[in-house]
Amino acid sequence: MLSHLIQNAQDATPPEGELQIRLQQEGSNAIIEIEDTGTGMSPEFVRERLFRPFDSTKGLTGMGIGAFESLEFVRSLGGDLNVQTELAQGTLIRVILPNALKLSAI
């Protein structure tokens, strides 16, 4: 799942662009953020195509199942996947997972 999301961010980002991956904890959730300065996506694309299986913008090089499988996997763990994007500005993907480990001070 992470490999797919990172690869998509790399594919959408020009060589002079930037890609950041962050991990943090918010309350009882682990948050993984993948942010790029790439091409971004329209609201219509996110709503109608991004998570639709077998719908690819990559022609013969993509199967169109990675985003769909990523969302399904995250949800199967009790989490969620959020997309914030703007055309020509980039994309922020937030993977929200319930934190199975209870951390305590040592």
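The chain is numbered in sequence order, starting from 1.
Taken from CD in Glu48 to OG in Ser42, the straight-line distance is 8.0 Å, to the nearest 0.5 Å. In this structure, Leu19 CG and Gln7 CD are separated by 10.0 Å, a value rounded to the nearest 0.5 Å. A distance of 10.5 Å separates CZ of Phe45 from CG of Leu87, quoted to the nearest 0.5 Å. For the atom pair CD1 of Ile32 and CG of Leu97, the computed distance is 5.5 Å after rounding to the nearest 0.5 Å. Here CG of Leu23 is found 9.5 Å from CD of Glu33. Values are rounded to the nearest 0.5 Å. Residue Asn82 holds its CG atom at 9.0 Å from CD1 of Ile93, rounded to the nearest 0.5 Å.
The minimum heavy-atom distance between Val83 and Met41, with the atom names listed, is CG1-CE, 4.0 Å. Looking at every heavy atom in both residues, Gly40 comes nearest to Thr91 through CA-OG1, 3.6 Å. Residues Gly38 and Pro14 come closest through the heavy atom pair CA-CD, 4.1 Å.
Just one of Leu2, Leu5, Ile6, Asp36 meets the side chain to side chain contact (heavy atoms under 4.5 Å, CB included) condition when paired with Ile21; it is Ile6.
No donor-acceptor pair closer than 3.5 Å links the side chain of Glu86 to the backbone N or O of Ala88.
When hydrophobic clusters are built by joining Ile, Leu, Val, Met, Phe, Trp and Tyr residues whose side-chain heavy atoms come closer than 4.5 Å, directly or via intermediates, Ile34 is grouped together with Met1.
Judged as a side chain to side chain contact (heavy atoms under 4.5 Å, CB included), and not counting sequence neighbours, the contacts of Glu26 are Gln24, Ile31, Arg94.
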